[in-house]
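Notes to accompany the following structure.
So you know, we letter chains A, B, ... as the sequences are listed, proteins then strands, and number each from 1.
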Amino acid sequence: MASIKPSVPKGTRDFSPNEMARRNYIFDTIKNVFRKYGYQQIETPAMENLSTLTGKYGEEGDKLIFKILNSGDYLSKVDPQLLTTSNAQRLTFQISEKALRYDLTVPFARYVVMHQNEITFPFKRFQVQPVWRADRPQKGRYREFYQCDADVVGSDSLLNEAEFVMIYDEALGKLGLKDFTIKINNRKILSGIAELIDKSDSIVDLTVAIDKLDKIGLDGVSNELLERGFTTDDIDKIKPVILQRGTNQSKLASLRDTLAGSAIGLKGCDEIETVFNYISDCPLQTANLELDITLARGLNYYTGAIFEVKTNEVQMGSIGGGGRYDDLTGMFGLKGLTGVGISFGADRIYDVLEELDLFPQTASQGTKVLICCFDADGEKFALPLLKKLRNSNIPAELYPAGAKIKKQLDYANAKQVPYVVMIGSDEIQSGLMTLKDMISGGQEKVSGQEIVEKLRA
RNA sequence: GUAGGCAUAGCUCAGUUGGUUAGAGCACCAGAUUGUGGUUCUGGGGGUCGUGGGUUCGAACCCCAUUGCUUACCCCA
């Protein structure tokens, strides 16, 4: 049989030991902050029923869901006519009833509805798991990637919004980022702007276009709005709003002026101000908090706050985002439950930390001492020491006898093991073993007990 | 879905106008060194030059197709 050239699917990656140490550092940092703020971890299955996921992410999103082919003779139940009409969309539901999760929010909503009787509200949960998207990969964009989500469900207090800003500040600050911006907006302000030009029905088109302001500039946004059926009159009205600069307070004040005729717009302003007030009583350490009314994130299910986090130190898409949805669980039949949440893009954060060289040294994580024997007799002598080291919580390995010492030391170097114990006939005879410091190169003859004591330090 | 770039050893890449037997570094194996590595020296294994077709006396190089990867757009973490 011809051997197949090994590869992984496009947009997926292996994680080697060194990368895993670094990834766990990111995950642990974020998880510990979540826990500190009272969030509890859950997990949900990698696959969900396809019907749970479809229709939740818009038409584009549905296309990006990885479907799982039914087991067995999956064609046997298909309406034969469908096979000849090449209607992929309808065929999909007959040959696939499961799919890989696309995000963590929809499975969480499903979870809340299924477990509503055991949950104490407000329910604060976090979840760190991979999600899959059948997207075209590119820089900072994968087909399998991890999301670190925290959500509160069942509390409409804006304190939650404020706490999420603090969580971003604390977690990203702990990871060593020095200059990043938490952008905040409110869907109600966007609704107010749409009301301003009497285009409430076109709010999606409006927000998708102005969301691109910093990317394509005012001319680009204007062109896109014109293409989407807005008038130059509309654009003239919107322009001062989306172009406003200055402090959050001054933006808010002028927004209130502009949106004076829109009850919902003013409500949005009030909500933002409430969040700002909470924050000012509990100042941020590192993050810049910026009201950005062009922020829309293209996610139409947000109803209140909208968050996005960007680093200003390297060129990278957003490293986090989130927002509030008033009817999180409605799609699964549980009405009136509000949710607000955020997500950290761990894979992008990894790329950022790597580019900025912000990972701490993790060498001490691995094996601390390798026992090398010159022959098989040494093994017998080594095993009790090995046991003793491990009982003392010192990560230790015994290299199987038979290999040359050079090879064993090469192994220690490759794994960055800082100490080696060597056992040959001399050591067996004297009972004193050779402890070698692989960094300085120095070595000394010591007893087993002394080795344990030295390495425990 | 749209558009560009790339594809040569396990990895990173050279390879001149198309010209004999396709190279380097790293990694791996062995030796110099029978009990000592990370620095040195010597030698060795490794290639259907992504695949298929074409032009040519002759193709890694030119042309066509195809597959894979990658970057950007759309959208998103």
Under 4.0 angstrom, heavy atoms only, what part of the nucleic acid is [X] near: base, sugar-phosphate, or nothing?
X        : value
A:Glu224 : nothing
A:Gly140 : base
A:Lys63  : nothing
A:Gln443 : base
A:Ile349 : nothing

Please measure how far the [atom1] atom in [N] lies from the corresponding atom in [M], and state the result in whole Å.
N     : M     : atom1 : value
B:A59 : B:U16 : C1'   : 15 Å
B:G52 : B:U67 : C1'   : 10 Å
B:U12 : B:G45 : P     : 23 Å
B:A3  : B:C29 : C1'   : 47 Å
B:U34 : B:G38 : C1'   : 22 Å

Item checked: Centroid distance under 5.5 Å and plane angle under 30°, A:Phe145 vs B:A77 ->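 So yes, this residue stacks on that base, both cut-offs being met.
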Notebook entry, point to check: Could one point to a donor on the side chain of A:Lys436 or the base of B:U36 with an acceptor on the other under 3.5 Å away?
Noted result: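 Side chain to base: pair found, below 3.5 Å.
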Item checked: Range-with-range stems of RNA chain B (Watson-Crick or G-U pairs under 3.5 Å, three or more in a row) ->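 Consecutive-pair runs (3 or more) involving RNA chain B: B:1-7 with B:67-73, B:10-13 with B:23-26, B:28-32 with B:40-44, B:50-54 with B:62-66.
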Just the atom pairs and distances: protein N or O near nucleotides 1-7 of chain B's N or O, under 3.5 Å.
from, atom 1, to, atom 2, distance (Å)
B:U2, O4, A:Arg136, NH1, 3.0

Checklist line | Closest-nucleotide ordering on RNA chain B, the 5'-leading residue of A:Gly321 and A:Gly11 | finding: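 The residue mapped nearer the 5' terminus is A:Gly11.
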